[in-house]
Amino acid sequence: MTIVRSRFAPSPTGFMHVGGVRTALFSWLLARQAGTDGTFILRIEDTDKVREVEGSIQQIENSLRWLGIEWDEGIDKGGPDAPYLQSERLVIYKEWAQKLIDSGRAYADPYTQEEVEAFREQAKAEKRPFLFRDHRPENPPVWDGSQPLRFKSDPKPYKWTDAVMGELSTGPDAIDDFVLIKSDGFPTYNFCHIVDDAIMGVTHVLRSQEFISSTPKFLNLYEALGFEKPTLATLPYVMAIDGKKKLGKRDGAKDILLYGAEGYLPEAMANFLATLGWNDGTEQEIFTVAELIEKFSLDRVQKSPARFDEQRLLWLNGQHIRLLSLDDLYARSLDFWSEKAKEAGEERQKLVLALVQDRLKTLADIPTITDYFFDEPAPKWEMVAENKQLAKLSKEEITSYLEATRTALEASEFDAESIQNTLNTLLETTGQKPGILFSLIRLVVSWAPFSPALNETLSVLGKQTVIDRINRAL
RNA sequence: GGUCUCAUCGUCUAACGGUUAGGACACCAGGUUUUCAUCCUGGCAAUCGGAGUUCGAUUCUCCGUGAGAUCACCA
């Protein structure tokens, strides 16, 4: 097994959406598949105090945990390279910045922000790219910490291999004198993530596509610092389903935790995210988390962006619900039952749950598909009118079918099998098609859009309830 | 504008240079002598365009076209 130290390094600027979570998932899968030789680090990059949102760290941790992503090292867990919160590591960055100053690879930026802005405007007006290094001061002042500290870059073309994208290259114009330490004393992402990855011994850096054009800067900095470059893997975007833009909070990307509240299973979400841009080359669609860990590989990750298709997630969720044992399903369903259902107790809830398990797409379907087992449903006759077949029946026909049904069921033993026999006999005596007669019975006892097999539904409801509901309808 | 990336059914994707271009979601039609959003069967539907290399190109090369990213004292 190869040694893998991978990390997820979000900034605490709000909730997590599917794009960010997928990056974390892939990184985690890589570490877990290395077995005991794999470590997954959660590092929080809080160097932009302006954009920071309170509570984000907790939310990030909750999101990862919900998905089943557990980290080995992090701010709450500690680890050999603690602290894992960048704002607590400022001395480390200062140290490395000093090394760059000493080796002549960093200098104080003497300009005001307005002056730099003027340079940028000028370049724009002249239709040429803006490069700070064109304005590199001849005799920069000694850096006292109040000015930004800039990297003295060594522009040159680069060719490198990305574990996902393959061979990549850029010209020298991609490299400029970027800021290492801001005037507020905090390092920039560009600088501190490189330092941290190196001293934390990170072997695999996974990140999303927008970083591809900054990679040459990073390569240049690795060289200046004398660090070995880790394996770089660029993940394609997750796109909004109806847009051509990457999925972002502005385009309706949801907090990943909301999916849990909406009745999605974390393993379905993991399956969905993993197969959004990755597949194992076979026709397998449903993967358990264990299978994902076993089979995931960076070289089968797609190069092109994938759209976020909620329909597919819904389908996968139904598939994963079916995979659950009844006890497991029950344990996860607790938040979704109606009050009446909870009053009925665990035994009865499980009886009903077993009946409906195959039909659930989300746990949030539980009330709509089970409430009539616990509470008297309000008749919705429009459901009869909206049913193509039932709409044709006259009021008299409906009445006579229901009366016949009541009579027949009153004589039934009311286990699933005898109800089945009773219903079959009923078809013969009424001469009606099952699609019509059974639809009618189903609606009258449940008034629900969908329900389990009729004989089982009736049996679980019990004779008295069924007769009462038929009477009520009559 | 500079730099860079990507491109197979509507969507997610498969295909050592040789397949009737496969699967899944969605959709449509049947079936399950019982409803239904389950399940089964079937159907619809794709290699962005043009050159080149080759006996043969979805696959390799080039040129277009389209889409996207980036060019911050944000990450």
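Chain A is the first sequence line, chain B the second, and so forth, proteins listed ahead of strands; every chain is numbered from 1.
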- Query: Whom does rG52(B) pair with, Watson-Crick or G-U wobble, provided both distances fall under 3.5 Å?
  - Reply: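 Per the H-bond distance test, rC60(B).
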- Item | Pairing partner (Watson-Crick or G-U wobble, both distances under 3.5 angstrom) of rC71(B) |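 The base-pairing partner of rC71(B), which may sit in any strand shown, is rG1(B).
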- Query: Which pairs count as salt bridge (Lys or Arg N to Asp or Glu O under 4.0 Å) when at least one residue sits in residues 312-326 of chain A, sequence neighbours excluded?
  - Reply: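 Checked against salt bridge (Lys or Arg N to Asp or Glu O under 4.0 Å) - neighbours excluded - the pairs reaching residues 312-326 of chain A are E285(A)-R312(A).
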Heteroatom pairs (N/O) under 3.5 angstrom, protein to nucleotides 27-33 of chain B:
none

Does [N] have its OP1 or OP2 closer than 4.0 Å to a side-chain nitrogen or oxygen of [X]?
{"X": "K303(A)", "N": "rC6(B)", "answer": "yes"}
{"X": "R300(A)", "N": "rU13(B)", "answer": "no"}
{"X": "Q319(A)", "N": "rC39(B)", "answer": "yes"}

When the side chains of residues 294-301 of chain A are checked against the rest of the protein, which donor-acceptor pairs come out under 3.5 Å, sequence neighbours left out?
unit_1, atom_1, unit_2, atom_2, d
K295(A), NZ, Q284(A), OE1, 3.0
S297(A), OG, D299(A), OD1, 2.8
R300(A), NE, N279(A), O, 3.1
R300(A), NH2, N279(A), OD1, 3.3

- Calculate, to the nearest 0.5 Å, the distance between atoms CD and NZ belonging to Q209(A) and K303(A) respectively.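 Rounded to the nearest 0.5 Å, the CD-NZ separation comes out at 11.5 Å.
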- Decide if atom NZ of K127(A) counts as having more than 12 heavy atoms of other residues, nucleotides or ligands within a radius under 6.0 Å.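 Not buried by this count: 12 neighbours or fewer within 6.0 Å.
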- Query: Of all residues at least two apart in sequence or in a different chain, which pass the side-chain hydrogen bond (donor to acceptor under 3.5 Å, both in side chains) check with Q113(A)?
  - Reply: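 With neighbours one apart ignored, the set is empty.
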- If you measure from the C1' atom in rA57(B) to the same atom in rU32(B), how many Å do you get, rounded?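 Per the computed distance, 45 Å lies between those C1' atoms.
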- Separation of the P atoms in rA7(B) and rA37(B), to the nearest angstrom: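 rA7(B) and rA37(B) have their P atoms separated by 38 Å.
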Categorize [X] for me: base, sugar-phosphate, or nothing, with a 4.0 angstrom heavy-atom threshold over every strand shown.
{"X": "S169(A)", "result": "sugar-phosphate"}
{"X": "G277(A)", "result": "sugar-phosphate"}
{"X": "S451(A)", "result": "base"}

- Message: Between P452(A) and F308(A), which residue's closest nucleotide on RNA chain B lies nearer the 5′ terminus?
- Response: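 Nearest-nucleotide comparison on RNA chain B picks F308(A).
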- Message: I want to confirm an ordering. Mapping A306(A) and D173(A) to their closest nucleotides on RNA chain B, which one lands closer to the 5' end?
- Response: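 Result of the comparison: D173(A).
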Can the ring centres of [X] and [Y] be said to be less than 6.0 Å apart?
{"X": "F272(A)", "Y": "F308(A)", "result": "yes"}
{"X": "W278(A)", "Y": "F287(A)", "result": "yes"}
{"X": "H320(A)", "Y": "Y264(A)", "result": "no"}

- State, without any angle test, whether E167(A) and T161(A) hold a side-chain donor-acceptor pair at a distance under 3.5 Å.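 There is such a pair between these side chains.
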- With no hydrogens and no angle check, do the side chains of Y107(A) and D177(A) hold a donor and an acceptor under 3.5 Å apart?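 The criterion, which ignores hydrogens and geometry beyond distance, is satisfied for D177(A) and Y107(A).
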- Message: Checking ring pair (Phe, Tyr, Trp, His ring centres under 6.0 Å) between Y189(A) and each of Y93(A), F211(A), F178(A), which is the one that passes?
- Response: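 Testing each of Y93(A), F211(A), F178(A) against Y189(A), the sole residue satisfying ring pair (Phe, Tyr, Trp, His ring centres under 6.0 Å) is F211(A).
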- Item | Residues R128(A), E126(A): salt bridge by 4.0 Å N-O rule |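 Yes, this pair counts.
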- Task: Would you mind building the protein contact string for nucleotides 67-75 of chain B? One character per nucleotide, 5' to 3', B for base within reach (heavy atoms under 4.0 Å), S for sugar-phosphate only, - for untouched.
- Result: SSSSSSBBB
Polar atom pairs (N or O), protein with nucleotides 17-23 of chain B, under 3.5 Å:
unit_1, atom_1, unit_2, atom_2, d
rG22(B), O2', E283(A), OE2, 3.1
rG23(B), O4', E283(A), OE2, 3.2

